[in-house]
Amino acid sequence: MGNRSAREIWEATLGALQVQVSKPNYRTWLEKTTGLNYENEEFVVSVPNTFIAEYLEKNQRSLIEKTLIDIVSSPDISVTFRVCGKLGNDSGRRRVNQKYRGDGQLSAVMFKENYVFESFVVGKSNRLAFSAAQAIAENPGLSYNPLFIYGGAGLGKTHLLHAIGQVALARNMAVLCVSAEQFTNEFVTALRERKTEEFRSKYRNLGMLLIDDIHFISGKEQTEESFFHTFNELHNANRQIVLTSDQPPRAMSFIQERLRSRFEWGLTVAIQPPAYETRLAILQSKAEQRGLETTPEVLEFIAEQIKQNIRELEGSLNRVIAYAQLFHSVPTVELAAEALLDLGSREKTTPAITPGLVLEAVGESFQMAPGDLTGAKRDKATALARRVAMYVLRQETSLSVAQIGEVLGGRDASAVTNAGKKVTAELGDNRFLSRKIQDIQKIINFKSTPSRR
Ligand code: ADP
Ligand code: MG
């Protein structure tokens, strides 16, 4: 069996696991895994780091194997977790393009292969954004510059951005697509290593620059400033710029006020949540692409349930399919209702993971009062516990780094970012630390799940 089917089997398995383990558990340990290979009854799962590999090996191997056995109907299957580094989590789905341009500079661009115009379902809610994106892909630098696409989470902004990029790439354009977070990190590194000139020239020489989630840079003074210059240089040279954001420029707050007017120079388009018909069309298209067995009634049912987010719409479809496979049944509306209800009701009964809960768990594990974590103490042990708290808060909550800084007694966002990096770097070979975090994880899971399975 080839790689493609390993990936699909694993996606179905993940769908089934999602309804069996708690949400934080799923997010921490399973979400970033991929099916790599399935041969001779050995199923290889790619995981992002050794820490996760060890945890799964120790704690969830039997559940995973049991679920896999149900899905592939083969009683002898055994699972192996393989660490595949940074790209491993979805290397199967992403295509990394590395091209040397004339000046010998390496431009690495990463696109999701299936984020193309052909797979984008157009409806009233996204028609304008879609047309503008296509116009730009056809005539970069000539129609609207910049193109600014905004809308809520999971509505297709990144999809359109990659679609533009892949057309440009096919035409051998020097295109770069980065998230604003990557841009910021790269800039900060360049500052630290005194390589800002290289940084500038890398961006200045592009034919097209695609920046995802630009709102991330708002409030970061130096990054805003650097982006302002990059923007001007590219724009003056008629190089196409496309930006996405969760808000329109007018609603964003910048330290560099002039950024806002720059963003409004071109065309600003919104993507709205899709209407029922579009949701249904998206589900039909996904089911068809993946050759899934469903009925119109099941798709209609899902389209009625999930209204605000296309990523969740897809997730629900996967869940229903996985549920059906688990019960060796064809998907029916009753089964779909059960699959989605199960998740919905768990979301209602499981209290959200609050910052207070995380601090409590970290404090418990390090035997300190939560007040020590938020306080002024700077001894080694407290500093370590605080870093771990920052790391876990990033993993377990949707707080921004700035908010996490606040929670920990008004610390800098950059301190939170650095703590995260430091802990991640140490996890690979510091068993004490990885065990600590597993501990904390367990405490959190225990405290946030009222009824243990
Ligand atoms: P955003 O960046 O706005 O948060 P994404 O672009 O990541 O959202 O989209 C979330 C998921 O929904 C992706 O898998 C994407 O392919 C899918 N999606 C979004 N809009 C559409 C659409 N109009 N047609 C098909 N799939 C879509
Ligand atoms: Mg996105």
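Treat the numbers as computed from the prediction; the structure is a model and nothing was measured. Note that ligands are numbered from 1 as they come in the structure, with each ligand's atoms numbered from 1 the same way.
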Which residue holds the protein heavy atom closest to [atom], what is that atom called, and what is the gap in Å?
{"atom": "atom 2 (O) of ligand 1", "result": "T158 OG1, 2.7 Å"}
{"atom": "atom 16 (O) of ligand 1", "result": "H159 ND1, 2.7 Å"}
{"atom": "atom 7 (O) of ligand 1", "result": "R311 NH2, 2.9 Å"}
{"atom": "atom 27 (C) of ligand 1", "result": "I310 CG2, 3.7 Å"}
{"atom": "atom 8 (O) of ligand 1", "result": "G156 N, 3.1 Å"}
{"atom": "atom 26 (N) of ligand 1", "result": "K286 NZ, 2.9 Å"}

[X] neighbourhood, listing ligand 1 atoms whose heavy-atom distance to it stays under 4.0 Å:
{"X": "G152", "value": "3 (O)"}
{"X": "E314", "value": "11 (C), 12 (O), 13 (C), 14 (O), 15 (C), 17 (C)"}
{"X": "S119", "value": "24 (N), 25 (C)"}
{"X": "A153", "value": "4 (O)"}

Part of N126 within contact of ligand 1 (heavy atoms, under 4.0 Å):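 The side chain, only.
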Please state whether the rings of [X] and [Y] are parallel, tilted or perpendicular, taking 30° and 60° as the class boundaries.
{"X": "F327", "Y": "Y323", "value": "tilted"}
{"X": "F227", "Y": "F183", "value": "perpendicular"}
{"X": "Y203", "Y": "F199", "value": "tilted"}

Would you name the heavy atoms of [X] and [Y] that are closest together and state the gap between them?
{"X": "I404", "Y": "R394", "result": "CD1-CG, 3.4 Å"}
{"X": "I136", "Y": "I164", "result": "CG2-CG2, 4.0 Å"}
{"X": "S245", "Y": "I214", "result": "CB-CG2, 3.8 Å"}
{"X": "T33", "Y": "V45", "result": "CB-CG1, 3.8 Å"}

Polar contact flag for V121 and ligand 1 (N/O pairs, less than 3.5 Å):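 So ligand 1 has an N or O lying under 3.5 Å from an N or O of V121.
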Between H229 and E233: side-chain donor-acceptor atoms closer than 3.5 Å: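 No, no side-chain donor-acceptor contact under 3.5 Å.
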Residue and atom names of protein N/O/S atoms that fall under 2.8 Å from the Mg ion (ligand 2):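 Per the 2.8 Å query on the Mg ion (ligand 2), atoms found are T158 OG1.
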Pick from A163, G154, S285: the one approaching atom 1 (P) of ligand 1 most closely through a non-hydrogen atom: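 Among A163, G154, S285, the closest heavy atom to atom 1 (P) of ligand 1 belongs to G154.
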Residue pair E277, K124: steps toward the salt bridge (charged side-chain N to carboxylate O under 4.0 Å, His left out) verdict: CA-CA 10 Å; E277 291 74 16; K124 194 163 167 276; over 6 Å; no
Q403 side-chain N/O to S400 backbone N/O, donor-acceptor pair under 3.5 Å: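 Confirmed, Q403 side chain pairs with S400 backbone.
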I'd like a table of donor-acceptor pairs (distance under 3.5 Å, sequence neighbours excluded) in which one partner is a side-chain atom from residues 261-274, with atom names and distances.
from, atom 1, to, atom 2, distance (Å)
S261, OG, R258, O, 3.0
R262, NE, N232, OD1, 2.9

Aromatic contact, F120 with Y115 (centres under 6.0 Å):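 Distance test on ring centres: not under 6.0 Å, no.
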